[in-house]
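One structure is given here, and the rest of the page talks about it.
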Amino acid sequence: MNLSVVALDERIDRRGFACGEEALDRYFRECVSQDMARRIASCFVALREAAVAGFYTLSSAGVLATELPEAITRRLPRYPTLPAIRIGRLAVDTKFQGQGLGGILLADAMRRVLRAEVAGFTLIVDSKNERAAAFYEHHGFLRLGRPGTLFMPLASAAKALASLPEFP
Ligand SMILES: CC(C)(COP(=O)(O)OP(=O)(O)OC[C@H]1O[C@@H](n2cnc3c(N)ncnc32)[C@H](O)[C@@H]1OP(=O)(O)O)[C@@H](O)C(=O)NCCC(=O)NCCS
């Protein structure tokens, strides 16, 4: 697939994007640039030719240590909150679903976060429904002690990426 994943900017046309979830479409078409301007989220898009095939957002976040499994916190400093990065929204246009793009976007998010100079212990995602949660579990995310939220420690993400070919 001829594809590039880049930071969203105003030259990219968002109007035709449709993933099948109206709230996500509306957010991407109407709200995401305002969130970027206010430093609430950054947004990255997968472009196929000039068309947006998918997007995701990243924001800094925190998780309560008590929400993580004891097997993980046992090896961490006793801070009440641990640094995290939230994948706030992630979606693939219906024309491109089922072709591996969701997985490519997740891998791209992991690479960007691992390259960042600010540390984060784990990725977290708030899944909108059980189908979305199943997608993240399929990719190795684990349930957090908070309904609808899943996490993947960045050390695990780095191991998962090591077995994938470099993209894009
Ligand atoms: C969920 C979504 C992002 C998946 O993207 P996609 O490009 O269609 O998924 P992919 O083709 O990358 O699927 C990758 C793998 O995940 C699996 N998968 C996809 N959706 C899944 C689901 N709901 N449950 C379990 N596994 C799933 C696929 O079988 C595939 O497995 P494989 O790599 O072993 O072959 C996309 O369908 C979408 O945008 N849906 C609407 C918006 C949404 O619900 N977003 C969720 C985040 S809030």
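Every number for a ligand or one of its atoms is a count from 1 in the order of the listing. Along the sequence shown, residues are numbered consecutively beginning with 1.
- Panel note: side chain Q99, backbone K95; a donor-acceptor pair is recorded below 3.5 Å.
- The pair E70-R74 meets the salt-bridge criterion, with a side-chain N (NZ, NE, NH1 or NH2) lying under 4.0 Å from an Asp/Glu carboxylate O.
- Here the shortest heavy-atom distance to atom 47 (C) of ligand 1, taken over L90, I87, L24, L101, belongs to L90.
- The closest side-chain donor-acceptor pair between Y136 and R143, if any, does not fall under 3.5 angstrom.
- At least one heavy atom of Q99 lies less than 4.0 angstrom from ligand 1.
- Contact atoms of ligand 1 toward R131: 22 (C), 23 (N), 37 (O) (distance under 4.0 Å to a heavy atom of the residue).
- A 6.0 Å sphere centred on NZ of K159 holds no more than 12 heavy atoms belonging to other residues, nucleotides or ligands.
- Counting protein heavy atoms under 4.0 angstrom from atom 35 (O) of ligand 1 gives zero.
- Under a 4.0 Å heavy-atom criterion, S127 is not in contact with ligand 1.
- Close contacts between ligand 1 and K128 involve ligand atoms 48 (S) [criterion: under 4.0 Å to a heavy atom].
- In summary, the aromatic rings of F55 and F17 are positioned with their centroids under 6.0 Å apart.
- Closer than 4.0 Å to atom 2 (C) of ligand 1 lies none of the heavy atoms of the protein.
- Using a cut-off of 4.0 Å between Lys/Arg side-chain N and Asp/Glu carboxylate O, R131 and E137 are scored as not salt-bridged.
- With hydrogens and angles ignored, the 3.5 Å screen pairs no side-chain donor or acceptor of D35 with any backbone N or O of A41.
- At least one heavy atom of H139 sits closer than 4.0 Å to an atom of ligand 1.
- Contacts with ligand 1 closer than 4.0 Å are made by no heavy atom of Y56, backbone or side chain.
- The shortest N or O to N or O distance between G103 and ligand 1 is under 3.5 Å.
- In this structure, G98 counts as a contact residue of ligand 1, since one of its heavy atoms falls inside 4.0 Å of the ligand.
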